[in-house]
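So the structure is just underneath, and the comments pick up after that.
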Amino acid sequence: VAPQKHVDKSDLRADFAAAMSAMYKAEVPLYADLIEIVQDINQSLISCSSLASNLERLTTERHGAIRLGTAHELHTIQRIFKLLDMHPVGYYDLSVAGLPMHATAFRPTSVASLEKNPFRVFTTLLRPELLASARARALAKALLARRNIFSDALVRMLDTADSQDGQLTDAQAKVFVGEALRTFSWQPVAASTDREYEILKAEHPILADIACFKTAHINHLTPRTLNISRAQRTMVERGMRAKERIEGPPPRACPILLRQTSFLALEEQVSFYTDADAGSLVPSTHTARFGEIEQRGAALTPTGRDLYDALLAESAAQSSAGLGPAAADAAAKQVFAAFPDTWESLRGQDLIYCRYAVVKRLERKPAFTGAHKTLLDQLVADGCVEAVPITYEDFLTFSAAGIFRSNLSSASSSEDDLSAQKGGPDQAGLESALGAPLLDIYEWYDGVQRASLEAVGRELGVDLT
Ligand code: OOG
Ligand code: NI
C-alpha cells in the first residue's frame, strides 16, 4: 500500500482560518462590513507601504481571540493549534489592567509559514485566584468543571494526529477542521441558568462570558489595515459605533508595533436554563462579541520598547488629567514626537528589528572603511544591503486591555473586583497549564534578524553578526 499523503500544516491553517472567517461572517454581520472597508483601503495603499508588499497575505490576514476557563481547555487548544503550526508566543499579564486573566498568542513561528498564512489567536486564561468574591469563584469553577468545549470526534482526531507524528491525511483534516470550528462557534443555548449568569456578570462581565457558555466562542476576528485612521473614519461615517480612541502609538510616518480599534459589541440572542425547572429555557441576550481592526508596524527591540513604554506612560498621565478623546490624541502625538520617525534613525538607533538582504553584488569582499559605525551600516549606506523592518506579529497588553474595556458593559467597576495583593504576572502558571514553555517575543525577532545577517554574511564572505 502506498503511504498516505499528509496535509501541509500551513495549508491546513489557511483552510481553518478561511472556514473560521466564513463562520464568523454568518454569526456577526458587522464583520463583513469591516472586511469590505479594510480591503478597499488596502488595495488603494498597497503600492506605497514598505511593511506589507504582499496583498495576498494581507487580504487573508486575521487574528481571533478566545477566552478560556481551565488549564485543561488551554492544553487541548494548544494541541489543536499545534496541528496548524501555531505556537504560543509571548506572555500578557492582564492583571496590570485589573482583569483577572493572563494570555498568550498562538501563531506560526517560521518566516515561511507566516508568509503563507499569518493566522493568530490571542488566547486568554481565567485566573480564578484573582477574583475577590469566593462565591463567584466557586460558581465559575463549578460551571467550568461541568462543561466540555471539545467534541469526542475532535479529541479522537487529536489522538490520531499524535499517533501519526502530528500529521493528518486529507480526509482526517476535513473532519478536524469541522470539529475544531465547533469549539469556536456561537451556541444559542447557554451552559448556565440565567441566575448564575447574573451572579457572574455582577462580579465581572468577562467572568460570565468565560464560564456560562458551551463553547469558547471566538469573540472577534480582526483584519489588518494599512491605514487604521482612515478605516476608523470610514466606519464612523457609515454609522458604526467605534471606540473613541485608537489604541497604541499615535499616527506616524513609520508605523511601529500595533494600532487597534474596536466597534461596539453586538447583543446576541441566547437562551438560559431556568432555575426553577432545569429542563426549560428562557430567552435572553449576551453582549461580548465585537468588531476590531488593526494596523501593524515594525517590531521594536527592547531599547525601542522601553522608549515606547515610557512615552505611553507619559501620555497616559496627561490624558488621565481629564482630556477628551481628541485632546488626548493631540497630547499623545506631541509626547511621541520624541520617538524617531525615519527608518534610518529607527534602525541606526537600534529601536527596530530588520531583515537584511544583499541587493547589489560586489566584485570583491567588502572592507570596513570606518566612515560608518559598523560594516553593516556601511553596506546599507552604500546600497549593497537593504534593511527591511520586521513586522510586529504579536500583541500589546495595554491595547488588549483597552479593547477588553471598551466592550465590557459598564455594570461593574472591574478593578475593585481583583484581590489586589494577588495580582502580578504568573508566567509559570500559564506555562504549566499549557504544558509547554512560551516563546519569548524578543528572542524570536532577534532570531529572524540574526538569520538574515548570517545569510548576508555568507553571501558576501564577511561576519556581520
Ligand atoms: C481579547 C482582547 C485582546 C487584541 O487584539 O489585543 C485582543 C479579548 O477581548 O478576548 O484581541
Ligand atoms: Ni484582538
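Throughout, numbering of the chain's residues begins at 1 and tracks the sequence. Counting starts at 1 for both ligands and their atoms, following the listed order. The structure displayed is predicted, hence computed values, not measured ones.
Checking side-chain atoms of Tyr445 against main-chain N and O of Glu393 turns up a donor-acceptor pair under 3.5 Å. The backbone N or O of Ile246 lies less than 3.5 Å from no partner atom in the side chain of Gln260, so there is not a single donor-acceptor pair.
Glu115 CD: more than 12 foreign heavy atoms inside a 6.0 Å radius.
The angle His220:NE2 - the Ni ion (ligand 2) - His63:NE2 amounts to 110°, with values rounded to 10 degrees.
Glu292 has its closest N, O or S atom to the Ni ion (ligand 2) at the position named OE1.
Side-chain N/O atoms of Glu294 and His63 include a donor and acceptor closer than 3.5 Å.
Contacts classified as salt bridge (Lys or Arg N to Asp or Glu O under 4.0 Å) and involving residues 143-152 (residues at least two apart or in different chains) are given here: Glu73-Arg147.
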Using a 3.5 Å cut-off and no angle test, enumerate the donor-acceptor pairs between side-chain atoms of residues 87-94 and protein atoms at least two apart in sequence or in another chain.
unit_1, atom_1, unit_2, atom_2, d
His87, NE2, Asp85, OD1, 2.7
Tyr91, OH, His102, ND1, 2.8
Tyr91, OH, Asp426, N, 2.7
Tyr92, OH, Phe395, N, 3.0
Asp93, OD1, Ser95, N, 3.0
Asp93, OD1, Ser95, OG, 2.7
Asp93, OD2, Ser95, OG, 3.3

Could you give the side-chain donor-acceptor pairs of residues 430-437 under 3.5 Å, partners two or more places apart or in another chain?
unit_1, atom_1, unit_2, atom_2, d
Glu431, OE2, Gln427, NE2, 3.2
Glu431, OE2, Leu438, N, 2.9

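The immediate protein surroundings of ligand 1, defined as residues with any heavy atom under 4.0 Å of it, consist of His63, Ala65, Arg67, Phe122, Asn219, His220, Gln260, Phe290, Glu292, Phe395, Ala400, Phe404.
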